[in-house]
Amino acid sequence: MDFHQAPPRLTNTFHSDPLLEKTLKKRLPPDVWTKMSAHLKHVGELAVTDWLTWSQQAERELPVHVPFDPWGERVDQIRMSAGWTQLEAAAATEGIVATAYERNEGEWSRVYQAALLYLYHPSSAFVSCPLAMTDGAARAIELYGDDELKKNAFKHLTSRDPKTFWTSGQWMTEKIGGSDVSGTETVARKSSAQNGFDWQLNGVKWFTSATTSQMAMLLARPEGAEMGSRGLSLFYTELRDPNQNLRNIEILRLKDKLGTKALPTAELRLTGTPARLVGEMGGGVKKISSLFNVTRVYNSICSLGQWRRALDLAWAYADVRVAFGKKLKDLPLHRITLKNLETDFEKAFELTFFVAHLLGKDECGTATEKERTLLRAVTPIAKLWTGKKCVEACSEVVESFGGAGYIEDVGVAKMLRDAQVLSIWEGTTNVLSLDFLRALEKEQAAPVLAEYLQTEGARYLATPKGQAEWQEVQSLLAQGQKNGRDYLESQARRLSFLVAELIAGARLVS
Ligand code: MFK
């Protein structure tokens, strides 16, 4: 009889994840954990049933750009699958963004949200991307928006009702630069409109993820403003009029990407697009950093979720695949290979949920000055470390399936392609390493990190690994002082990785 391989099967991803329960139960107040765990069980079930089905549909029925109607009228529609739409609605219903702003769990609200997102992301076909920008936009409005934005857009972004829920885009990248936005060519011209949208934008935005969103936050240079990034301001626009026609925006094309194919990423031309200024004129990069610091936390959580799913599949396969007379999970080298990925995963988990808690404390006003500095410094290193490690883990998981891993319809090859974006968007590994240096220099984060490690992390620093990492950090900083800025920059990635390992190690043994 023909041999048929049993496929790897997923079960409720809350129940199959003892680390999630163990870690959060240890750290959270019992009443918060009781409420949260009931919700997470429900969400863990959705992740292997409806959400999985919808995400598979969204991956099969990819976005289509329809530039013209049959009669030559420019329409610029993006057709999305029903699966994508259902996943967006589910995100609203489960409160994936709302949880962070209702703040019913006080400073733990972001941890609650992080756990929801962690379970949602791997079955979301990257609807998690618009959610990240939606959340970031809500934060930027909370900090800088006027009453109108707070009364209107903010309510939509944080709604639990799919009918009123909006997602937001974040348009920074232009042809001239993605990491370096100083050359931004989009120009904002004052208009005489009386409805608050008293600016018109002209320019091309080169990568705009989730172009189906209802609104966007973007950078543009008001006419006459200085060149360089200091001359940029933050703007808000609503993409469509009440008839669902784009407001002076042309969709030039959808991007043909390595992964995240279900996510509509487009090039846009703005041709007098009506916009509102957010906050005072100028300081656009500073203002939008409140948005991208949130999306960077999302990126860490989604890296973690993606990594967990890859490992779940690898273990499930190791449980059904037999080679050399044993299940793969009983082959010592196979087993240790997967276990090593779990060790790094535990560290990434600790680091990510630590950042989520700091963010929640900051937003609820319970963070101390030192905790705010820690948040500023740890956000970029958590993002860069989890993003990079997730790619490594997904690659290893593809290999753990042998030749089957390389075959498209098995599904893990897609996970590797998708993972690659996690170390690129929202700041590449190098850009974030330099952002970590920015935090050390501008916010004087080094003594705060040192104090944290020497107190909360004392047990880890006493281990040979912790000691070696700490000594190397001190030596790099000392050499940086001696050899100058270029040297320090050349070591920024190493420094960031070491500090990520140190904080994660400290959390793991605390
Ligand atoms: C699944 C998860 C989903 C994730 C969603 C994905 C959707 C992706 C779609 C995208 O939009 S991807 C594009 C994202 N683009 C980036 O992340 C930009 C990457 N480049 C950087 O981060 C550069 O470092 C930066 C653009 C910020 C450099 O700009 P500048 O103007 O040359 O930096 P400068 O002069 O050092 O900083 C200007 C101000 O911002 C300073 O404040 P002051 O005005 O008070 O002096 C900085 O301190 C502040 N600043 C910069 N980065 C900051 C920050 N403040 C807080 N946090 C930060 N991270």
(request) Calculate, to the nearest 0.5 Å, the distance between atoms CG and OH belonging to Asp135 and Tyr298 respectively. (result) 3.5 Å

(request) Give a yes or no on whether the backbone of Leu119 and the side-chain of Ser123 come within a donor-acceptor separation of less than 3.5 Å. (result) no

(message) Under a 3.5 Å cutoff, is there a donor and acceptor pairing between the side chains of Thr53 and Gln57?
(response) no

(message) Between Glu342 and Trp315, is the side chain to side chain donor-acceptor pair (under 3.5 Å) condition met? List the steps.
(response) CA-CA 11 Å; Glu342 294 284 1; Trp315 284 116; 2.7 Å; yes

(message) Would you say Tyr112 and Asn104 are linked by a side-chain donor-acceptor pair, where the criterion is simply a distance under 3.5 Å?
(response) no

(message) For a side chain to side chain donor-acceptor pair (under 3.5 Å) check, start with the C-alpha distance between Arg309 and Thr13, then their side-chain angles and the critical distance, and finish with the verdict.
(response) CA-CA 8 Å; Arg309 175 62 57 84; Thr13 53; 4.8 Å; no

(message) Determine whether a donor-acceptor pair (N or O, by modelled atom type, separation under 3.5 Å) exists between the side chain of Gln467 and the backbone of Ala462.
(response) no

(request) Using distance alone, with no hydrogens and no angle criterion, decide if Glu94 and His39 have a side-chain donor and acceptor under 3.5 Å apart. (result) yes

(request) May I ask you to say whether Glu59 pairs ionically with Arg417, meaning some side-chain N is under 4.0 Å from a carboxylate O? (result) no

(request) Please work out whether the ring planes of Phe349 and Phe353 are parallel, tilted or perpendicular, with thresholds of 30° and 60°. (result) parallel

(message) Ring of Tyr452, cation from Lys370 - is the NZ or CZ under 6.0 Å from the centre and inside 45° of the axis?
(response) no

(request) Just say parallel, tilted or perpendicular for the rings of Phe154 and Tyr101, cut-offs at 30° and 60°. (result) perpendicular

(message) What verdict does the side chain to side chain donor-acceptor pair (under 3.5 Å) test give for Ser475 and Gln479, after you've listed the backbone C-alpha separation in whole Å, the side-chain angles of each residue and the deciding distance to 0.1 Å?
(response) CA-CA 6 Å; Ser475 152; Gln479 285 175 51; 3.0 Å; yes

(message) Determine whether a donor-acceptor pair (N or O, by modelled atom type, separation under 3.5 Å) exists between the side chain of Arg103 and the backbone of Ala100.
(response) yes

(request) Determine the minimum heavy-atom distance between Gln306 and Cys394, stating which atoms define it. (result) CG-SG, 4.1 Å

(message) I need the Glu472 CD to Leu502 CG distance, nearest 0.5 Å.
(response) 9.5 Å

